[in-house]
Structures are given as structure tokens and as C-alpha cells.
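Here the structure is laid out as C-alpha cells; the discussion comes afterwards.
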There are 2 protein chains.
Amino acid sequence: MEFNIEKYHLKSSSLFDSLSYEESQLIKNGIIRKEYLKGECLFKEHSFSKGIYIIKKGKVKIFQTNSDGKEGIVYIYKKGDYFGYRPLLAEEPHPVSAVAMDHVIVSFVPKELFLEVLESSATLAKELIVNLSKEFSVWINKMTIFSQHSVKDKVALSLLILNKVYQRNEDSSKSVFISINRDDFAGFVGTAKETLVRMLRIFKDDKIITTKGTKIIILKHRVLLNMVENM
Amino acid sequence: MEFNIEKYHLKSSSLFDSLSYEESQLIKNGIIRKEYLKGECLFKEHSFSKGIYIIKKGKVKIFQTNSDGKEGIVYIYKKGDYFGYRPLLAEEPHPVSAVAMDHVIVSFVPKELFLEVLESSATLAKELIVNLSKEFSVWINKMTIFSQHSVKDKVALSLLILNKVYQRNEDSSKSVFISINRDDFAGFVGTAKETLVRMLRIFKDDKIITTKGTKIIILKHRVLLNMVENM
DNA sequence: AATAAAAATTGACAATTGTCAATTTTGTTT
DNA sequence: AAACAAAATTGACAATTGTCAATTTTTATT
């Protein structure tokens with residue numbers, strides 16, 4: 001079985017490509033540009049969705065906070081990704097919070113406008129279903145791996161996922177700075193910060209990764225791939 | 001924060017209720033009744049979806065098999081639930097396998113028919129989106145809990161989920177026989193069978209559950225709820 | 001009911017992971 | 001560049017969990 005990172009990482013697809021000219025004009029006129037500082041909250045768990053967000057710049061972490069205050073990071077969205085529509089469609093409160101990981105710029109489509117366009121556009125509905133379905137697959141794949149493997153394995157896979165998240169262009173050969181703090185990384189892996197750091201240390205000692213300050217650079221992509229392929 | 005099992009367990013909704021008379025006739029005539037013996041496979045991971053399944057009788061486990069041969073059970077579907085449509089919509093192979101846990105009877109709607117009806121019915125599309133969104137929420141909730149808690153906590157929550165799955169009618173006060181083998185239960189929790197058994201032993205010693213042969217009965221529902229509420 | 005096969009349970013032990021308390025490094029501000 | 005605060009790292013240890021090898025119980029079959 002060959003390893004494919006897309007099993008664990010959703011490729012972003014543009015949401016409004018399929019719209020008619022009128023529809024896209026409608027959207028274009030109704031879109032609101034919003035900015036968030038690092039650490040600022042886009043929406044909170046249990047609140048109701050006010051619309052959908054399309055990232056223009058920066059990264060947004062999606063997480064649940066447990067009773068100890070620990071964050072379980074479910075996803076990190078990047079430029080081109082869109083989110084916030086699921087609870088809107090299901091008419092449920094957000095199961096998660098969204099916080100800017102750096103300086104973030106988004107296009108915000110208010111609920112009413114979005115639903116109006118959705119009513120008229122069967123292709124948009126289709127697009128959403130497909131996107132949901134794909135996100136679901138990514139989730140199931142990631143979660144079954146995560147429920148059955150050691151922290152070391154989970155860190156290896158997470159490094160590959162984050163490599164994709166922080167990659168600037170399609171060329172995956174170029175070295176990437178994974179710029180994530182250890183608390184967030186630990187929350188993404190679902191482990192304690194100290195345990196995460198120890199696994200990074202092992203990978204550093206093996207010269208599989210290196211760090212420049214807080215940033216992580218993958219040196220031996222191939223070795224991580226092999227680890228994950230044999231999981 | 002009050003505990004609500006529906007965060008972790010999807011209430012089944014009927015799929016074709018919203019159809020027009022013609023559409024439902026079309027479906028009715030195209031539906032195929034299928035039966036599966038205990039342990040028989042409905043579909044395998046990596047295969048392409050041939051249609052959608054609606055359970056009339058029995059339980060179906062949905063799982064991924066890892067390289068060690070261990071099954072990670074992501075869901076157990078019961079009477080009234082439908083599944084198999086996600087990869088069909090996304091035009092992807094099944095990320096999971098489906099196997100009958102007992103004698104199962106399903107209504108099977110072949111792909112072509114289903115897609116035909118979907119084309120014409122906006123309400124069906126809506127229904128699917130809502131269902132997908134809800135399933136997603138359930139998933140995220142379950143998984144963040146699972147990634148951050150001890151096996152004992154996970155078993156407590158799993159008992160409550162399985163209690164719902166094996167419940168015959170809406171009246172949750174009646175005692176329920178959870179009839180699942182330990183391998184499957186362990187796969188559902190994401191732990192080793194032996195560890196699972198040890199947790200069940202603790203709960204048995206505390207008179208929170210009891211077992212009749214292989215079957216599990218919850219005696220102190222309230223205590224489990226409290227455990228989960230404080231997670 | 002006796003028997004065999006399968007499943008569940010327990011014990012002992014090793015490996016993994018989490019927690020708490022330092023210590024070191026990095027980043028920011030003056 | 002110095003000084004401070006924040007973040008990352010390490011050490012020591014305890015708690016949790018997984019594995020392997022019996023043993024017991026349950027289920028299915030005759």
C-alpha cells in the first residue's frame with residue numbers, strides 16, 4: 001500500500017467556482033473582509049455559526065477545549081480553505097472553536113447570503129457535499145491511525161501533515177519551516193507537550209528534522225514516509 | 001455543562017421521508033433487500049461504493065484494519081441508520097470496511113438509482129448535507145474526548161454510547177443488553193482487549209455494570225454519566 | 001449432558017506516556 | 001546589548017497501558 005498524504009490532509013478546493021455570474025456577483029458584493037491578530041478568536045465552541053470563512057492569509061486552528069483547559073486541535077486551516085459552514089447547515093452550535101495562529105485575513109460570507117445562494121445553486125450544494133465527504137475521509141483516516149499508534153508514530157505523521165499545511169507552493173521538495181508552538185503541536189498530536197518535545201528530540205538526534213529557534217524543518221522526508229507507510 | 005449523549009451518538013433519521021410520491025415509488029421499486037450472516041462483509045475498504053444501505057435489522061460495524069490486523073471501529077450502525085453514501089458522493093473508494101455483527105437485513109439502493117433521485121430532489125440533498133454535518137459533529141466530539149482521556153474514561157463513554165446503540169426503544173430507563181464481543185469493544189475504544197477487560201472488571205467491582213455471559217448490562221447509568229460529565 | 005472450540009479473564013512484567021519541578025533557550029522590550 | 005518574560009527542553013519519577021502466557025468461562029456441537 002502506497003502512502004498518500006491526501007488521506008490525512010484535505011487539499012483545499014475553491015468554493016464558489018461553480019457559481020453562475022449573477023450568483024458570484026451576489027457573493028462578491030456581500031463578502032466582508034475581516035482581519036484577526038495572532039491569538040484572536042473567530043468563533044467559540046457552542047456559539048452559532050454566523051457565516052462561512054475563507055482564508056486569504058494565515059492559519060486558523062480548530063479545536064475543542066476539555067475541562068482541564070487542554071486544547072485538542074482537530075484541524076489547521078490555511079490559505080484557500082473554507083470552514084464554518086457545517087454547523088450552519090446542520091443548524092447546530094459550533095462543536096469547536098477557531099483561533100488565528102498568526103495574522104489572519106479572511107473573506108466572510110454572512111449566513112443569510114450564503115444560504116440564499118445555496119438555495120438557488122445545486123452545484124454549490126454538490127460542492128459542499130463532496131467537500132464534507134472528503135473531509136470526513138481525511139478524518140477517519142487520521143483518527144484510526146491516531147487511535148492505534150504510539151506517540152512517536154503520531155508525531156511522524158503529524159510532521160508530514162504539518163509539512164503540507166505550511167508548504168507555500170505545490171513543490172514539496174523545497175524545505176518548509178513548520179512554524180507551530182509546542183503546545184499547539186502537542187494539542188494536534190493529542191499528547192503532553194513534554195512527550196512531544198521528547199519525540200522531536202529523537203527525530204533531531206536521528207537528523208530527520210532540525211529546528212531553527214521554534215521552527216521545525218524536515219530534513220529526511222523519506223524516512224518519515226517510511227515510518228508512516230509501515231504503520 | 002450538561003451531558004448529552006447525542007453529542008457522541010447520531011440519532012438515526014429516515015432518509016427518504018422528504019421525497020415526492022413519484023420519487024419514493026421509484027426508490028421503492030428499485031430497492032433490493034439483502035441479508036448478511038454474522039461476520040459477513042457488506043463492503044471492503046478501498047472498494048468503490050455500489051450504493052447505499054439502510055439497516056432494517058441487526059448491527060453493522062464500520063472499521064479500518066491497520067497493518068497489524070487490528071480493527072479500529074469507527075461506528076456501529078443499527079436499525080434505521082443508513083450509510084455508504086459518502087464515498088459515493090465524493091467519488092472516492094470506501095475508507096472503511098463494513099461487516100455484519102449479527103444477522104443483518106438491509107435495504108440496498110443501487111448507486112445509479114440513488115444518484116438519479118438525488119439529481120431531482122433538492123430536499124434529499126439537503127437531508128444528506130444535514131446528516132453528514134451531524135455525523136461530523138458526533139465524530140469530532142467523540143474523537144477529541146478520546147484523544148485526551150484515559151482508557152477508563154473512554155470505556156465509560158463507550159458504554160453509554162453502546163447503551164444507545166443496543167437500546168430497543170426510546171425508553172432509556174429499561175435495562176439494555178449490550179451484546180458485543182470484547183475484541184469489537186476494544187476496537188471501538190481503541191485499546192487492547194485485555195486492558196478493556198480490566199476496566200470492565202473495575203466497573204463490575206463497583207457494581208456499575210454487570211455481565212450475563214458475554215453481554216453487558218449497565219446498572220448505574222447515573223455514575224457513568226457523572227464520570228463523563230466531569231471529563 | 002459431555003466435549004471441544006472459542007472467547008473472556010487474569011497475572012506478571014515491560015514499555016510507553018504523563019506530571020511536576022527545574023533549567024535552558026528564545027523572543028521581546030527597553 | 002541587557003533584562004525580562006515566555007517558550008522550550010530536560011530529568012526524575014509515577015501512573016497507565018500493552019504484551020505474552022496461562023487459566024477460566026462461555027458457547028456451540030455432538
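Throughout, protein chains are lettered first and strands after them, A, B, ... in sequence-line order, and every chain is numbered starting at 1. Remember, it's a predicted structure, so these values are computed and weren't measured experimentally. In what follows, every heavy atom counts, from backbone to side chain, and hydrogens, waters and symmetry copies are set aside.
- Sorted by first and then second residue, the side-chain hydrogen bond (donor to acceptor under 3.5 Å, both in side chains) pairs involving residues 201-210 of chain A (not counting sequence neighbours) are Arg201(A)-Asp205(A), Lys204(A)-Thr211(A).
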What does the list of N/O pairs under 3.5 Å between the protein and nucleotides 5-7 of chain C look like, with a distance for each?
none

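- Here Lys61(A) pairs with Glu71(A), Asp184(A) under the salt bridge (charged side-chain N to carboxylate O under 4.0 Å, His left out) rule; sequence neighbours left out.
- An angle of 50°, rounded to 10°, separates the two end axes of the helix from dA1(C)-dT30(D) to dT30(C)-dA1(D), each defined over five pairs.
- Nearest heavy atom pair, residue Val130(A) against residue Leu89(B), reads CG2-O, 3.5 Å.
- For DNA chain D, the outermost nucleotides in 5' to 3' order that have an atom under 4.0 Å from a heavy atom of chain B are dT17(D) to dT27(D).
- Residues meeting the ring-ring contact (aromatic ring centres under 6.0 Å, His included) test with Tyr75(A), sequence neighbours left out: Tyr77(A).
- Mapped onto DNA chain D by nearest heavy atom, Lys38(B) and Arg198(B) fall at different nucleotides, with Arg198(B) at the one closer to the 5' end.
- For the atom pair CD (Gln167(A)) and CG (Leu162(A)), the distance works out to 12.0 Å, reported to the nearest 0.5 Å.
- Using a 4.5 Å heavy-atom threshold, the side chains of Ile178(A) and Ile218(A) count as touching.
- Note that Lys142(A) lies in the cation-pi zone of Phe188(A), set by a 6.0 Å cut-off to the ring centre and a 45° limit from the axis.
- Sorted by residue number, the members of residues 199-209 of chain A with any non-hydrogen atom under 4.0 Å from DNA chain D read Arg201(A), Lys204(A).
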Determine whether Ile55(B) and Tyr82(B) satisfy the following criterion, side-chain contact (heavy atoms from CB on, under 4.5 Å), listing intermediate values before the conclusion. CA-CA 6 Å; Ile55(B) 303 188; Tyr82(B) 54 93; over 6 Å; no
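- By the 4.5 Å heavy-atom criterion applied to side chains, Lys111(B) and Lys50(B) are not counted as neighbours.
- Among residues two or more places apart in sequence or in another chain, the ring-ring contact (aromatic ring centres under 6.0 Å, His included) test is passed with Phe146(A) by none.
- Nucleic acid contact for Thr191(A): sugar-phosphate only, since backbone atoms but no base atoms lie under 4.0 Å from a heavy atom of the residue.
- Note on residues 53-72 of chain B: pairs passing ring pair (Phe, Tyr, Trp, His ring centres under 6.0 Å), not counting sequence neighbours, are Phe43(B)-Tyr53(B), Tyr53(B)-Phe83(B), Tyr53(B)-Phe108(B).
- For DNA chain D, the residues of residues 142-161 of chain B within the heavy-atom distance limit of 4.0 Å (strictly under) are Ser150(B), Val151(B), sorted by number.
- Where Lys212(A) and Leu196(A) each meet DNA chain C at their nearest nucleotide, the meeting point lying more 5' is that of Leu196(A).
- Salt-bridge check for Glu229(A) with Arg222(A): passed, with a basic side-chain N closer than 4.0 Å to an acidic carboxylate O.
- Applying the side-chain hydrogen bond (donor to acceptor under 3.5 Å, both in side chains) rule to Lys57(B) yields no partners; only residues at least two apart in sequence or on another chain are considered.
- Figure legend: Lys134(A) and Phe136(B) shown without cation-pi pairing, the cationic atom not lying both under 6.0 angstrom from the six-membered ring centre and within 45 degrees of its axis.
- Counting only residues at least two apart or on different chains, the side-chain hydrogen bond (donor to acceptor under 3.5 Å, both in side chains) pairs with a member in residues 90-109 of chain A are Glu35(A)-His103(A), Glu92(A)-Ser137(B).
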